[in-house]
Asks: 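Submitted below is the structure of interest, expressed as structure tokens.
If you're wondering where the values come from, they're calculated on a predicted model, not measured in any experiment. Protein chains get the first letters and strands the later ones, always in sequence-line order, with residue 1 at the start of each.
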Amino acid sequence: MQRFASRHPIWTLVIAIVVAALLWLVFAPWPDGLEDAIGRKRIFLNAVFGGITLGALYFLVAAGFTLIFGLMRNVNLAHGSLYLLGGYVGFEISDSTGSWLLAFPVVFVLVAALGLLMQNQVFRRMEGEDLRQTLVTIGISVVLADLMLWIWGGQSYTILSPEWLSGPTTLPVISSIKSDGEIVYLRYPAVRIAILVAAIVMGVAMWLVLNRTRLGMLIRAGVDDREMLAASGVRIQYVFLAVFGFGAGLAGMGGIVGGTFQSLSPGEDTRFLLASLVVVIVGGMGSIPGAAIGALVIGLSEQLGLVYAPTYSVVFTFLIMALVLAFRPQGLLGDRR
Amino acid sequence: MKKYFLGAVAAAALFAPQAMAQDTIKLGILVALEGAFAAGGADGVRNVELAISQAGGMAGGKKIEFVVAPSDTTPDTAVRQARKLIEQDGVDIIIGPLSGSEGIALRDYAKTIPEKTVINGVSGALETTWVDPAPNFFRFNPDGAQWGYGLGSYVVNEKGWKRVATVAADYSFGYTNFLGFAVDFCKAGGDIVERFWVPLGSSDFGGVIAALPDDVDAIYLGVGGTDAINFLNQYEQAGTETNLIGGTIMADQTVLTSKGRAKDALIGTPTSGWLAEDNDSPEWTSYVKAYQDAFPESERFPSPSLFGVGYYIATTAAIAALNEIGGDLSGGQAKLHAALSSLEHKTPLGVISLNENRQATGTIMINEVVEDGQGGLRNALVGKAEGVTQTLGMSAEDFRAMGLPSRDTPDCAALRG
């Protein structure tokens, strides 16, 4: 952080100003002139919060994707299928047991097991052959998509959020001040706040594991130099298995989250695969903080775009990706190799 | 010599499909099987199978074959698939497409294949048969604007909802279906306070839901498929409670049969469209029974969807016209074109005839979503608008003067007059 600040004083200033402006926009009551210019504060706040929660979902899905890529150089194009499968299984579990929370550990274990199976039975057999692995993942995603269509059919599924998370909650953020001086606080769907908190907890936990534990040390060493790590006596296959299983399980849990505040249907798998790819390209391949920043940027651009420039909102995501590729091809937080 | 030989081979290759087509008639089914309308598209294919099997697999004394070409609701894919049907599969008649922008693209493509026939599946863009129509493009379903007609005066007169905000999909069908609602609604004295247009395939509507004004009687929703389910899910989670008015694809079977509670926000929502599930005319009930008997319950909707009915009527129209001309497709299918233009087509939804633009005139049903008593939802018929024409009861000049459907057309204040 300090090193970045001393090396890029101008960029640090720009980032600080943008962050300060955002904080002011979120917390301060807006003057009338601003409301006339870009509409009511409630709309802006909802778009920002919507963007952040959408980013949280993208982060859950893309984090596993980027870890797997960083460690194994394996672009797992079946990642979206794991997302959708997790969502469908989560629907079945929460529908039959009535417990939304129970679905998370069960789905994590089931989808992680599938991930372990894929790594151990398929990708291990073609280690180091990036192109072949990528093609095989496409094949697996097609097969999984058809199997899911067979089992769950073409209709849409939404997962019911639990009673204590349904409906809106009031946030301590001022939405507007009425003419009689009464302060109106922002009301926002409770389930989205829960998802946001969960994603932040997951992100921090992953960062801690990566930076403070022995396993994290192995993973980081593997990302930097796989051969050297294997040569120094580490059973690298176990590290691969752990990472693949964890990444797959995370995508599965992302499916439950997506099924709760969006919906599940055939085609969502490729949509989320594409979103993960964009997030990872923007954030930097193999970097967890990069995935977090990429997910936030993409989520915010989608939501702010939808509200303020609906015609062009579809373009923004790809415009950002193109800009990143043009000026910083390794991604915002990626390493140049 | 070699040149002549090559020429002969090329000619033989060119004429091969036609030679085969003499004892069979090949239909190309262009249908969206990916994207927001995938479930509806699959129902379209089921209904084509039903129509062909009801005809005993024969039309005009010839055997019917069909090829399914999947599209993804984008016009470029639709044209690519249509071209594949004509050039590679050698089909005689294309039935399709499903969505609005695809329809416009197919109208233009149809002009390049004047010796073939395109019968619209269920796409509803007004422009397809209104602006520079293709002579070999026939549409037996009312267009999107017609589907929306009748709902506006119903909500003003019966419900007393006069101020609405609208959220609709930002593409041609969204504009067109909204136009039909708005023309009628504004003429009946309603006012549209604010219009939101959302891209097709949006999955997160949180920002739009927050931007909806509070001081309106109802919100008109012109989205469909998974977009509609996502919207309703997020609408309930945001705790918003205003009356809803649905566009034609808002309360279709694809939405009503979705799993989860999101669709419950729709209870009490009036919609308009071409169908009424509890329509008690004998043609409709016998068609629904045939549909239910033809497919196991797990592989179909409880009753045919709008998309399914569209493809059914298009296919039966093709078969009826082929029977009339004895399957004679010679002379660039001229006889088939004439027979389709003058066909008094008896359908499960009554007799449908085409106007000079080869566009259907039909009856529009007003439905309301109610609980069916078994934990599901269904549409209950509450009203009808008979004989809705392509120009929505206006003269062609007035209709043309209003402008083509777009984000800002129609101008509500001007219509209220």
Asks: With only heavy atoms counted, which part of Q303(A) is less than 4.5 Å from chain B, the side chain, the backbone, both or neither?
Replies: side chain
Asks: Highest number of heavy-atom pairs under 4.5 Å with chain B: which of F49(A), F91(A), Y157(A), W152(A)?
Replies: Y157(A)
Asks: In terms of heavy-atom pairs under 4.5 Å, which option from V191(A), I43(A), T169(A) contacts chain B the most?
Replies: I43(A)
Asks: Pick from L54(A), L304(A), L165(A): which one has the most heavy-atom pairs with chain B under 4.5 Å?
Replies: L54(A)
Asks: Working note: N46(A) + I209(B), criterion side-chain contact (heavy atoms from CB on, under 4.5 Å); need CA distance, chi angles, decisive distance, verdict.
Replies: CA-CA 9 Å; N46(A) 263 284; I209(B) 291 170; over 6 Å; no
Asks: Is it the case that more than 12 heavy atoms not belonging to E371(B) sit under 6.0 Å from its CD atom?
Replies: no
Asks: Which atoms of A238(B) come close to chain A, meaning under 4.5 Å heavy atom to heavy atom: side chain ones, backbone ones, both, or neither?
Replies: both
Asks: Would you mind checking which part of Q237(B) comes under 4.5 Å of any heavy atom in chain A, side chain (CB onward), backbone (N, CA, C, O), both or neither?
Replies: both
Asks: Rounded to the nearest 0.5 Å, what separates atom CG in L306(A) from atom CZ in F196(B)?
Replies: 10.5 Å
Asks: Measuring from atom CG of D95(A) to atom NZ of K259(B), what distance do you get when rounded to the nearest 0.5 angstrom?
Replies: 8.5 Å
Asks: Measure F261(A) against the heavy atoms of chain B and call it side chain, backbone, both or neither at under 4.5 Å.
Replies: both
Asks: The criterion is side chain to side chain contact (heavy atoms under 4.5 Å, CB included); which residues satisfy it with V315(A), sequence neighbours excluded?
Replies: none
Asks: Please look at I159(A) and chain B and tell me whether the side chain, the backbone, both or neither of the residue comes under 4.5 angstrom of a heavy atom of that chain.
Replies: neither
Asks: Could you check whether any side-chain heavy atom of S263(A) comes within less than 4.5 Å of a side-chain heavy atom of N233(B), counting everything from C-beta outward?
Replies: no
Asks: Mind checking the OG1-CD spacing from T158(A) to Q234(B)? Nearest 0.5 Å is all I need.
Replies: 10.5 Å
Asks: Return the option, out of R271(A), R192(A), E302(A), with the maximum number of heavy-atom pairs under 4.5 Å with chain B.
Replies: R192(A)
Asks: For A38(B), is it the side chain, the backbone, both or neither that has a heavy atom under 4.5 Å from a heavy atom of chain A?
Replies: neither
Asks: For the interface with chain B, which of G51(A), G50(A), S156(A) has the highest count of heavy-atom pairs at distances below 4.5 Å?
Replies: S156(A)
Asks: Check each atom of D204(B) against the heavy atoms of chain A and say whether the ones under 4.5 Å are side chain, backbone, both or neither.
Replies: both
Asks: Taking only heavy atoms into account, what residues of residues 221-232 of chain B are found under 4.5 Å from chain A?
Replies: T226(B), I229(B), N230(B)
